[in-house]
Visitor: 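Input: one structure, supplied below.
All values below come from the heavy atoms of this structure, side chains included, with hydrogens, waters and symmetry mates left out. If you're wondering where the values come from, they're calculated on a predicted model, not measured in any experiment.
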Amino acid sequence: MTKILKNFWVLEGLDGAGTTTQLKKIDKGLSETGKAYMITAEPTASETGRIIRRVLSGEFSVPQSTVARLFSADRDNHLYNPENGIIKNINEGKIVVSDRYFFSSLAYQSIGFDFDTVMLINSSFPYPEYVIYIDTPVDDCIKRIDSRGQEKEIYEKYEYQVKVKEGYEKCFKTLPEGCTLIRIDGSLSREEIYEEIKNKLINKIL
Ligand code: TMP
């Protein structure tokens, strides 16, 4: 049976969709509820996460199959680290919210590698209780990425993001019972997006 990790929420979206902005807003929103919580992100700040960041920046290149396994190793530590892992925090009664999780691997690493194999590599990990998907048009994402004026990461290209979007749709078709998809129109303003997250999720746990 597929395991669902209660009180675990994840944010997903294309590059430039605004997941990091929403994570900050959720952080503020949850802090006002008085509930115990932790916010986190993948790739993590661990040593494995650092190697991943170097790959994402284009500093060195490895096959997509290797990238998939690096993300999976980082995720394993993210979940199971006995000192600061997601499971430990959930067992202490916290709500844990992560900016990205294995849906990102399914959407991104299945381009140039086999979807079913990426699924297999991630098959031991529990599903979150909620997936908040910020569904932003590719054009908007690319405009935002361009307007940052920063060095682009390897996946921050129009054609790639079109495929990532298709990958997300594919993996959301097979969510198990108990894992709820909250799809939010990413063309709304950041305030409106947060308002939806608040109404559909944060207000419900109060
Ligand atoms: P971000 O920190 O801006 O969200 O960037 C993380 C990048 O890593 C983004 O392009 C998505 C990508 N990614 C994967 O390709 N696979 C994964 O499993 C995760 C968590 C992220």
Side-chain angles (χ1 to χ4, degrees), residues 1-15 17-53 55-56 67-110 118-134 167-168 171-172 174-184 194 197-198 200-206:
M1 209 186 72
T2 313
K3 177 139 175 43
I4 310 286
L5 202 51
K6 283 249 170 207
N7 293 328
F8 182 35
W9 308 349
V10 306
L11 281 157
E12 292 284 356
L14 305 184
D15 286 279
T19 57
T20 308
T21 303
Q22 292 306 320
L23 188 77
K24 286 185 196 143
K25 289 187 175 289
I26 292 172
D27 185 8
K28 186 163 180 290
L30 283 174
S31 73
E32 287 159 5
T33 67
K35 297 252 179 206
Y37 71 96
M38 174 180 92
I39 57 154
T40 182
E42 293 188 4
T44 69
S46 72
E47 289 303 322
T48 318
R50 264 183 251 211
I51 295 172
I52 293 172
R53 284 281 170 208
V55 174
L56 292 175
V67 182
R69 290 180 170 92
L70 284 171
F71 271 113
S72 163
D74 188 40
R75 184 161 301 128
D76 195 86
N77 179 56
H78 194 201
L79 279 163
Y80 302 115
N81 189 294
E83 278 161 34
N84 55 13
I86 292 170
I87 304 276
K88 177 181 184 273
N89 280 280
I90 286 182
N91 286 344
E92 286 170 355
K94 292 183 197 154
I95 291 168
V96 175
V97 191
S98 180
D99 185 357
R100 300 192 179 280
Y101 188 52
F102 68 61
F103 305 100
S104 286
S105 282
L106 292 169
Y108 283 78
Q109 274 65 60
S110 66
V118 183
M119 193 78 155
L120 192 67
I121 290 170
N122 286 280
S123 60
S124 68
F125 300 132
Y127 276 79
E129 191 177 8
Y130 292 101
V131 188
I132 306 158
Y133 177 56
I134 307 180
Y168 271 124
C171 65
F172 292 151
T174 55
L175 292 180
E177 209 181 314
C179 173
T180 304
L181 175 68
I182 298 179
R183 184 189 291 268
I184 300 183
Y194 179 64
I197 296 175
K198 200 173 156 195
K200 290 185 175 162
L201 208 46
I202 298 180
N203 286 349
K204 291 233 168 90
I205 58 153
L206 293 177

Visitor: Check whether any side-chain heavy atom of Thr40 lies under 4.5 Å from a side-chain heavy atom of Asn84, and answer yes or no.
Guide: no
Visitor: Out of curiosity, Ile134 CD1 to Leu11 CG, how far, rounded to the nearest 0.5 Å?
Guide: 5.5 Å
Visitor: Quick check, are the ring centers of Tyr127 and Tyr101 under 6.0 angstrom apart?
Guide: no
Visitor: Would you name the heavy atoms of Gly85 and Asn89 that are closest together and state the gap between them?
Guide: O-ND2, 2.9 Å
Visitor: Starting at OG of Ser104, measure out to CG of Asp99 and round the result to the nearest 0.5 Å.
Guide: 8.0 Å
Visitor: Nearest 0.5 Å please: distance from the CZ atom of Arg75 over to the OG atom of Ser105.
Guide: 3.5 Å
Visitor: Mark yes or no for whether Glu129, through its side chain, and Asn7, through its backbone, hold a donor-acceptor pair below 3.5 Å.
Guide: yes
Visitor: For Ser124, which residues count as a side-chain contact (heavy atoms from CB on, under 4.5 Å) partner, sequence neighbours excluded?
Guide: none
Visitor: Is there a donor-acceptor contact under 3.5 Å from the side chain of Lys35 to the main chain of Ile205?
Guide: yes
Visitor: Could you report the tightest heavy-atom contact between Ile121 and Phe125, atom names first, then the distance?
Guide: O-CE1, 4.2 Å
Visitor: Going from CG on Leu206 to CG on Leu201, what distance comes out if it is rounded to the nearest 0.5 angstrom?
Guide: 10.5 Å
Visitor: If you measure from CZ on Phe103 to CG on Asn122, what distance do you get to the nearest 0.5 Å?
Guide: 10.0 Å
Visitor: Which heavy-atom pair separates Ile4 from Pro128 by the least distance, and what is that distance?
Guide: CG2-O, 3.8 Å
Visitor: Who are the ring pair (Phe, Tyr, Trp, His ring centres under 6.0 Å) partners of Tyr194, not counting sequence neighbours?
Guide: none
Visitor: Can a donor-acceptor pair be found between the side chains of Asp27 and Tyr37 at a distance below 3.5 Å?
Guide: yes
Visitor: In terms of relative ring orientation, are Tyr108 and Tyr168 parallel, tilted or perpendicular, with 30° and 60° separating the classes?
Guide: perpendicular
Visitor: Would you say the side-chain atoms of Asp74 and Thr44 include a donor-acceptor pair closer than 3.5 Å?
Guide: yes
Visitor: Tell me if a side-chain donor or acceptor on Arg100 pairs with a main-chain N or O of Gly13 at a distance below 3.5 Å.
Guide: yes
Visitor: Could you tell me whether Glu177 atom CD has more than 12 heavy atoms of other residues or ligands within 6.0 Å of it?
Guide: no
Visitor: Report yes if some heavy atom in the side chain of Leu56 is under 4.5 Å from a heavy atom in the side chain of Pro43; otherwise report no.
Guide: yes
